[in-house]
Amino acid sequence: MKIFFSALGILFIAFILKIDLLEGTIPLAAFYKEPVVEETCVDVPDIKTITVRTIPGDNLQSLFALYPSESSMSFSERLELFYELNPHLLKQSFKPGELIQLPFSTKNAHSCTN
């Protein structure tokens, strides 16, 4: 009788291991397919900048007038790029002697990622 129950126990454990390895909780990485990733291409603007040291009395309009844009950027586009390059100036005025970056021109670059 011991041999019979031992054989049943071994068969039961083997059955549970087979089910667990093939369909159950233990994942087998070799059986999973990698997801297909599509390549996306985006036009990214390549921004040329000028670094300027401010003096007392400078404001944004005077700097834009002193250093006009090389390309045909509108004032709003240039202002948006200015605050992207200088986020610390969003809620404060210029300090004399501070170095800031002014957007000078943009050129679209083709960038692909996957």
Side-chain angles (χ1 to χ4, degrees):
M1 208 39 129
K2 285 184 188 180
I3 296 173
F4 179 72
F5 286 123
S6 297
L8 282 177
I10 291 173
L11 288 174
F12 182 73
I13 291 172
F15 176 75
I16 294 222
L17 284 175
K18 177 189 161 253
I19 296 296
D20 196 33
L21 288 173
L22 294 179
E23 303 171 6
T25 59
I26 301 173
L28 298 175
F31 291 111
Y32 293 116
K33 294 181 180 176
E34 293 184 20
V36 177
V37 178
E38 293 183 20
E39 186 174 318
T40 58
C41 294
V42 179
D43 287 335
V44 179
D46 182 25
I47 304 168
K48 292 182 183 176
T49 62
I50 302 172
T51 303
V52 178
R53 185 177 303 272
T54 59
I55 58 172
D58 272 345
N59 60 23
L60 192 59
Q61 289 82 10
S62 67
L63 290 176
F64 280 0
L66 283 173
Y67 304 99
S69 174
E70 187 178 80
S71 63
S72 61
M73 279 193 294
S74 68
F75 180 78
S76 60
E77 290 172 343
R78 196 167 184 203
L79 187 64
E80 181 181 342
L81 289 174
F82 174 79
Y83 283 120
E84 283 180 18
L85 294 170
N86 305 293
H88 63 283
L89 294 175
L90 191 60
K91 295 187 179 184
Q92 71 180 21
S93 60
F94 299 139
K95 295 177 184 163
E98 183 177 19
L99 291 174
I100 59 171
Q101 292 183 344
L102 291 176
F104 187 61
S105 69
T106 60
K107 180 176 134 183
N108 285 339
H110 195 67
S111 162
C112 292
T113 59
N114 47 344

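Throughout, numbering of the chain's residues begins at 1 and tracks the sequence. When reading the values below, keep in mind they use all heavy atoms of this one structure, side chains included, and skip hydrogens, waters and symmetry mates.
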Set of residues satisfying ring-ring contact (aromatic ring centres under 6.0 Å, His included) with respect to Y83, sequence neighbours excluded: none

Side-chain heavy-atom pair F82, L63 within 4.5 angstrom cut-off: no

Qualifying residues under side chain to side chain contact (heavy atoms under 4.5 Å, CB included), relative to S6, sequence neighbours excluded: none

hydrophobic_cluster_shared for I55 and F64, side chain cutoff 4.5 Å: no

Residue pairs fulfilling side chain to side chain donor-acceptor pair (under 3.5 Å) with at least one residue in residues 54-68, sequence neighbours excluded: N59-S62

K95: partners by side chain to side chain contact (heavy atoms under 4.5 Å, CB included), with sequence neighbours left out: Q92, E98

Other cluster members, L17 - Ile/Leu/Val/Met/Phe/Trp/Tyr, side-chain contacts below 4.5 Å: I13

Which residues share a side chain to side chain contact (heavy atoms under 4.5 Å, CB included) with T51, sequence neighbours left out: L99, Q101

L102: which of L85, V52, L66, L81 passes side chain to side chain contact (heavy atoms under 4.5 Å, CB included): V52

L8 side chain reached by F12 side chain, heavy atoms, under 4.5 Å: no

Inter-residue atom distance I50.CD1 - I100.CD1, 0.5 Å rounding: 10.5 Å

Same cluster (ILVMFWY, side-chain, under 4.5 Å), L90 and F75: yes

